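Just so we're clear, the structure is a prediction, and the values are computed from it rather than from any experiment.
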Amino acid sequence: MCKNYNVIEQPGHAPIKAWTKGVPFEEEAQQQLRNIASMPLVHSHIAVMPDVHLGKGATIGSVIPSVDAVIPAAVGVDIGCGMVATKTTLTASQLPDNLSAIRHAFEAAVPHGRTSGRGRSRDRGAWHNIPEIVAGEWVKLQTRFERICAKHPAIKKTNNVNHLGTMGTGNHFLELCLDENNAVWIMLHSGSRGVGNRIGTYFIELAKKEMQRHQINLPDMDLAYLEEGSEYFDDYVEAVEWAQDFAAKNREIMMFNAIAALRKQLPIEFSTAELAVNCHHNYVSRERHFGKDCFVTRKGAVRAKKGEMGIIPGSMGARSFIVRGLGNPDSFNSCSHGAGRVMSRTKAKKIYNVDDQIKATEGVECRKDASVIDEIPHAYKDIEHVMEAQKDLVEVVYTLKQIVCVKG
DNA sequence: ATGTCC
C-alpha cells in the first residue's frame, strides 16, 4: 500500500517516518532527527509532522515515543504551549464594520507582551483578571506548585501568579475568526509563561548533569534524558504535568476574558456552548503504542486520536483549521501544530518590510508595524501544502480566517 | 519563549 510518509532509515537505529511530501524539510532538521532516532530509549520509530523545522533540543514538529525515560529538552521550555478555540453563535453580519474597538477590547482584556526587561511590557504587574469560576481550581494548582517547590526551591524564583491569564510574546496570539459559514470564532495561542520556562530549563540542566555524572555520551547534549527510577524523573514528570495544567488553565482564563470583552462590545447576546477545543502542542503524555506503555513527547505536534478535535493555525494572514483526528497509528495519533517556519525571525526582519506585512495581512484588524514583521506569513510554510501532506492524519471540520489578530 | 544579564 502507498504510504503518505517518507521513511529515513539508519542501520541499527529507529526509523524516522516523515509526513513531509510536498513541503520543505531542512537538512539540519533531518540531522537533528537522526540524532534523536539513534537513542535507545526511542520506542518503535519517530514521527515527523509536515510543519517540521529545526528547533533547540528537539525538532519542532516531532513525535518521540520513549520507554522508561523522557528528554526534557524535547518537551522544551514552553511546556503546555497550545491552542484554544471557541465557536460562538454570532455570525459575521452581527459584527461592526470597523473592528478596531473589538481589537482594543481584546488587548485590554488579555495582557500580552513581555513581562520585564526590554520590550513592550504590556503584561507587567498583577492587572490580569482571574475569573471567579476558576478561582478554586487555581488554588489547587498553587498547592501542587508549592509541593514541587518544596523539593526544588530554584523553580520558585518565578513570577507565576502574575502570569496566569497572560498571553506572552512571539507567535502567541488572540484572534477573532470566521469559518466557511461566517460563524464567529475566538482562537488563542499561549503556554505556561515564565513558570513553565523555569521548570523546563531547570530540569534540562539536571538531565545534562545526570548524563555527565553517569558518563553517558550523546550526539547532542540537548538530548539529555532522565531515566525512570532515577533521582529526578518523578519530580520532572510531576512538574511537567503541572506546567501543562497551568498552560491549559491559562488559555481557559484568557478565553473567558476575551469572550467577556466581546460581549461588552456587542449590543446583542450570544452564546459559546457549541464547540470548544483546548489542546497542547508542546507536551509529554503517557500513552500506549504498538503494544507498549510509553511517554509520547510532542514538540510542535497535536494529538489526533480517532475522533479527537485539534487546532492547526496558519500564520497571521493565512487560514487555520479545526480538525478531527483519524487515529493514524504510525503517527502515534498525531498531526502538525501549524504551518511551521521556513526562516528565522532574524531573516524575516531582514528581507521583509512594513509594506510587505501590510499587504500580507490585508483584511485583518491587527498591528502592522515593524514589531511583527518576524511573524509575516511569508516566514511560514504554505498551510495548504502542510494540510495536504497530513490528510491521512486529520480531517478538516472547520476552516477559519482571522479578521482580528492581537499578537503577543 | 522567557527573564535576566551584559
Side-chain angles (χ1 to χ4, degrees), chain A residues 51 53-62 71-84 110-126 128 145 149 152-174 188-206 222 239-240 242-251 254 279-284 297-302 313 315-316 337-341 343-349 371-376 379-380 405-408:
Chain A
D51 56 347
H53 59 98
L54 188 70
K56 181 154 173 59
T59 321
I60 317 297
S62 64
I71 305 171
V75 182
V77 294
D78 196 1
I79 299 166
C81 184
M83 301 286 308
V84 60
V110 180
H112 53 288
R114 285 181 70 95
T115 305
S116 62
R118 291 184 296 269
R120 297 183 295 277
S121 301
R122 274 167 294 165
D123 79 343
R124 188 196 297 273
H128 65 278
F145 186 63
C149 291
H152 300 280
I155 291 169
K156 209 174 174 154
K157 278 166 68 182
T158 184
N159 187 17
N160 69 84
V161 174
N162 285 340
H163 284 173
L164 194 70
T166 68
M167 189 160 80
T169 62
N171 59 3
H172 290 174
F173 64 82
L174 165 62
L188 185 141
H189 177 206
S190 185
S192 55
R193 308 288 284 107
V195 65
N197 190 302
R198 183 79 194 117
I199 289 170
T201 40
Y202 175 76
F203 281 100
I204 288 167
E205 280 313 306
L206 281 184
D222 278 330
V240 84
W242 181 86
Q244 288 166 192
D245 292 346
F246 178 95
K249 191 57 65 189
N250 190 26
R251 288 191 292 273
M254 285 184 277
C279 59
H280 299 311
H281 52 225
N282 288 351
Y283 73 113
V284 61
T297 300
R298 293 187 179 83
K299 167 75 151 265
V302 175
S315 56
M316 268 179 107
H337 83 311
R341 293 195 79 90
M343 68 182 76
S344 67
R345 292 178 183 279
T346 319
K347 190 177 173 191
K349 280 186 222 167
S371 69
V372 289
I373 288 175
D374 52 350
E375 284 292 325
I376 193 165
Y380 287 84
C405 173
V406 176
K407 273 282 180 195

Distance check: side-chain N/O of [X] vs OP1/OP2 of [N], anything under 4.0 Å?
| X | N | result |
| --- | --- | --- |
| A/His163 | B/dT2 | no |
| A/Arg198 | B/dA1 | no |
| A/Arg193 | B/dT2 | yes |
| A/Asn197 | B/dG3 | no |

What's the [atom1]-[atom2] distance between [X] and [N], to the nearest Å?
| X | N | atom1 | atom2 | answer |
| --- | --- | --- | --- | --- |
| A/Asp374 | B/dT2 | CG | P | 13 Å |
| A/Arg345 | B/dT2 | CZ | P | 10 Å |
| A/Asn171 | B/dT2 | CG | C1' | 13 Å |
| A/Phe246 | B/dA1 | CZ | P | 17 Å |
| A/His337 | B/dA1 | NE2 | P | 9 Å |
| A/Ile204 | B/dT2 | CD1 | C1' | 12 Å |
| A/His53 | B/dA1 | NE2 | C1' | 13 Å |
| A/Ile155 | B/dT2 | CD1 | P | 18 Å |

Handout entry: Sidechain-backbone polar pair: A/Asn282 side chain, A/Lys299 backbone, donor-acceptor under 3.5 Å
Key =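 Flag not set: sc A/Asn282 to bb A/Lys299 has no pair under 3.5 Å.
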Practice task
Look only at the side chain of A/His172 and the backbone of A/Gly408, and say whether a donor-acceptor pair between them is shorter than 3.5 Å.
Solution key: no
Handout entry: By side chain to side chain donor-acceptor pair (under 3.5 Å) - contacts of A/Asn197 (at least two apart)
Key =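 With neighbours one apart ignored, the set is empty.
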Handout entry: All side chain to side chain donor-acceptor pair (under 3.5 Å) counterparts of A/His152, not counting sequence neighbours
Key =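 Testing A/His152 for side chain to side chain donor-acceptor pair (under 3.5 Å), a comparison that skips the adjacent residues, returns A/Tyr202, A/Asp235.
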